[in-house]
Amino acid sequence: MLRKLIGLLLAITCTQPALAQETLDYVKDIVPVLRKHCYTCHNVGNPKGGVNLERYEEEGRIIKDGQLWLKVVDQIKNKEMPPDTKPPLNEEDYHTLAEGINGILVKSLEKKTPGKVVIRRLSHTEYHYTILDLTGVSFDSKNRFPSEGSGGAGFDNQGGSLFFTPLKMERYFDAAEEIVDKLYNDRGKWREAVPIRYRMNIWQRFVNWLMPHFSSTFKPLNPPEKAAEKVIFPFASKAYRRLIKAGEKEKLIGLFQTIYADNSSAPNPERFDTSVAEVFKAILISPSFLYKMEEEPEVTDPVKIEDFELATRLSYFLWSSMPDDELFQLAVEGKLQDDGVLEAQVRRMLDDPKSLRFAESFVSQWLGINKLKDPNAPLADLAKFPMFTEAIREAMYKETTAYFYHVLTESKNFLDLINSDYSFLNKDLASYYGISGVEGQDFQKVNITDGTRGGLLGMGSVLAVTSLPTRTSPVLRGKWVLEEILGTSPPPPPPDVAELPEDDELHEDLGLRALLERHRSDPACQSCHEKMDPLGLGLENFDAIGRWREDYGNIPIDPTGVLATGEKFDGPADLKLLLMEEKEKFARNLSLKFLSFAVGRGTTFSDETAVRELTENLIASNFEPDAFITELVKSYPFRMKIRDFQKRVNEIE
């Protein structure tokens with residue numbers, strides 16, 4: 001696979017075999033070409049697009065920012081840099097940059113380095129589902145705990161965003177109290193967690209009172225702590241996602257004994273149950289429960305994560321919760337590392353209804369549609385769009401999550417995310433879209449024949465969150481398509497660029513296309529907008545709340561366009577067909593998103609080999625989810641860990 005990677009990276013040099021054999025020196029060969037063609041725009045004083053290439057004086061700095069330099073090489077390969085306003089690269093300079101930078105990046109990837117997943121607190125979603133699976137109690141953690149941001153990759157399970165504050169600790173204490181009280185007061189759930197109804201009979205009480213007077217070594221009959229061990233230790237093991245240690249057992253039973261002794265006036269089994277309940281509360285505020293922990297390796301080289309760590313990574317990836325009994329037992333037996341066992345578990349977990357949790361959490365954050373559930377999100381102005389009700393917002397959200405879950409578990413083709421002939425609607429949302437023949441409030445698969453709605457780009461959820469409160473925004477929608485579908489980001493706009501005018505009459509008379517053409521006439525804006533605007537304008541038939549329209553009021557909508565690569569399209573149906581041809585970009589973007597969500601951190605350049613292997617897997621399997629996810633959980637970043645990852649990165653530099 002490494003040979004394939006090297007071949008991919010160096011394929012650009014195939015027309016110059018003599019140069020391909022040459023080892024290029026960064027300072028002597030590459031820097032002069034960068035100075036000649038790149039530093040005039042990308043320097044310390046004038047970092048165009050926020051990129052300062054002049055600071056990369058040493059080869060190690062390129063490796064440190066490998067992701068950036070992959071983009072640099074990509075723009076050189078696509079002849080996007082230098083821009084049209086600058087002299088083009090001659091053949092020798094072209095190959096010096098492409099081959100030289102590729103060679104540096106390839107060499108740095110020869111020794112694989114897994115990213116270290118730092119100790120991570122359970123996200124609010126993970127806390128909710130872990131409590132539900134552990135106790136059967138449904139706790140609304142998102143509304144009860146302080147809100148938290150998303151990590152660099154846009155997901156709430158990223159270690160870098162899961163901060164711990166004194167307020168959160170107070171809330172965790174309160175939550176533990178409330179959860180265990182609910183568990184205790186639901187006698188059916190309590191007996192599932194504590195199946196023992198502890199009592200001492202008269203004979204046992206008599207002997208336990210009498211014998212200590214005659215023997216200092218007497219062991220009490222039916223002692224409460226022995227019964228407590230049978231319920232506390234399994235509960236703690238499930239909560240901690242591993243076998244508990246001897247010291248932890250002593251502390252937990254010691255706590256039970258203290259509470260049991262202080263509660264001597266209460267009769268059993270109440271005395272026993274309330275004492276166990278207090279220990280359960282202590283378990284739920286333990287760092288071993290609140291955090292997903294992994295042991296620091298003793299050696300400096302990368303090592304496989306342990307079986308319980310693998311079970312935890314796997315279950316929180318696909319279920320947003322703790323391992324179930326089958327995963328836990330495989331970890332106890334040390335069988336989970338076997339590739340065949342791991343593959344079978346992935347299939348089982350995706351077939352389990354709990355995989356819906358992954359579908360909802362992943363797709364809502366990836367696409368940004370979780371804003372539909374946020375009453376403070378800056379979405380459509382209700383004075384202008386009164387039909388954009390809370391019920392419609394909820395239906396839009398449900399359409400997208402149900403659709404993604406169907407793609408994941410039924411259609412088995414991620415390309416359906418771009419284009420398909422169906423969606424999931426209920427009567428209200430179908431009527432809102434102008435689609436007839438759908439009855440009932442249950443969401444159901446509905447065939448769509450006109451090519452407009454099938455796929456993410458025709459969903460009200462996406463269209464609403466990529467609009468402004470009072471109108472559509474082709475710029476926002478085009479940027480969204482570039483970033484979330486194709487995985488390419490335009491550079492930030494210059495600080496002095498004027499916004500489009502917000503005059504409603506001007507919009508109705510000219511339309512957004514004419515206004516954008518005015519805006520794009522500024523040379524500082526043109527290079528970015530010629531990539532974004534056509535994509536957004538192709539979706540202009542959808543208004544700011546996702547309904548279909550034919551005009552702005554006084555002029556008809558023109559949804560035609562030409563992509564930066566030259567392809568022409570006429571409306572959203574044609575646009576989706578063109579996006580279907582961008583398989584490599586879409587596959588790479590999916591690989592980056594899935595990997596980041598799975599390991600709970602942003603991807604780094606050290607993940608590049610795995611990302612390319614996942615991308616190849618998607619394309620080779622025709623975007624089949626099971627094979628892709630299986631490949632991901634068997635990948636180097638998912639199954640390996642390293643001590644002091646940041647130190648290792650510095651050594652690479």
Side-chain angles (χ1 to χ4, degrees), residues 8 49 51 67-81 152-155 362-363 365-369 400 404 407 413-420 454-459 461-463 465-466 473-493 527-540 542 559 561-569 571-597 602-603 607-608 611-612 614-619 622-623 625 628:
L8 283 171
V51 177
Q67 296 282 48
L68 168 66
W69 284 92
L70 283 174
K71 294 178 181 178
V72 171
V73 173
D74 188 55
Q75 293 208 322
I76 293 170
K77 286 169 58 178
N78 294 329
K79 305 294 179 73
E80 295 179 17
M81 286 292 163
F155 299 114
F362 176 80
V363 78
Q365 294 182 81
W366 166 31
L367 304 180
I369 65 167
T400 307
F404 182 81
V407 169
N413 189 338
F414 281 134
L415 288 176
D416 281 5
L417 297 175
I418 298 178
N419 191 30
S420 76
L456 298 175
L457 297 188
M459 292 188 179
S461 60
V462 168
L463 297 162
V465 301
T466 55
S473 172
V475 176
L476 287 180
R477 286 180 177 174
K479 183 174 181 286
W480 186 92
V481 173
L482 283 176
E483 292 181 338
E484 308 306 340
I485 301 299
L486 302 179
T488 59
S489 300
S527 61
C528 294
H529 280 277
E530 68 182 6
K531 297 177 183 178
M532 294 186 295
D533 293 359
L535 296 168
L537 289 168
L539 301 174
E540 270 298 282
F542 298 110
V562 181
L563 300 183
T565 48
E567 295 95 336
K568 297 180 180 180
F569 63 89
D574 278 358
L575 176 58
K576 288 188 289 183
L577 293 178
L578 290 179
L579 292 175
M580 288 283 283
E581 299 302 314
E582 297 283 1
K583 289 183 172 61
E584 186 169 351
K585 289 181 180 179
F586 182 54
R588 179 179 174 84
N589 189 48
L590 276 180
S591 299
L592 287 166
K593 296 292 184 182
F594 268 80
L595 182 59
S596 177
F597 186 90
T603 54
D607 299 314
E608 183 63 20
V611 170
R612 290 185 180 243
L614 291 170
T615 301
E616 289 180 10
N617 176 280
L618 265 177
I619 294 172
N622 196 29
F623 289 80
F628 169 70

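Just so it is clear, the structure is predicted and the values come from calculations on it, not from any experiment. Count residues from 1 along the sequence.
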Separation of Leu486 CG from Leu579 CG (nearest 0.5 Å) = 5.5 Å
Looking only at heavy atoms, what is the nearest atom pair of Val465 and Gly368, with distance?
-> CG1-O, 3.9 Å
Within 6.0 angstrom of Lys583 NZ, more than 12 heavy atoms from elsewhere = yes
Are the side chain of Trp366 and the backbone N or O of Phe594 linked by a donor-acceptor pair below 3.5 Å?
-> no
Just by distance, do the side chain of Ser591 and the backbone of Ala587 share a donor-acceptor pair under 3.5 Å?
-> yes
First locate atom NZ of Lys585, then atom CD1 of Ile485, and finally report the distance between them rounded to the nearest 0.5 Å.
-> 13.0 Å
Which atom of Gly602 lies closest to which atom of Asp607, heavy atoms considered = O-OD2, 4.5 Å
Minimal non-hydrogen separation, Phe628 against Asn617, with atom names = CA-OD1, 3.3 Å
All heavy atoms of Ser420 vs all of Gly455, minimum pair found to be OG-N, 3.7 Å
Residue pair Phe155, Phe362: steps toward the ring-ring contact (aromatic ring centres under 6.0 Å, His included) verdict = CA-CA 8 Å; Phe155 299 114; Phe362 176 80; 5.4 Å; yes
Any chance you could measure Lys593, atom NZ, to Glu484, atom CD, to the nearest 0.5 Å?
-> 4.5 Å
Can Glu584 and Arg588 be counted as an ion pair, charged N to O under 4.0 angstrom?
-> no
Please report the shortest heavy-atom distance between Leu367 and Trp480, naming the atom on each side.
-> O-NE1, 3.2 Å
Close side-chain approach of Val611 to Leu592, heavy-atom, < 4.5 Å | yes
Does the side chain of Thr488 reach to within under 4.5 Å of the side chain of Asp74, using non-hydrogen atoms?
-> no
Look at the rings of Phe586 and Phe623 and say which category their plane angle falls in: under 30° parallel, 30 to 60° tilted, over 60° perpendicular.
-> parallel
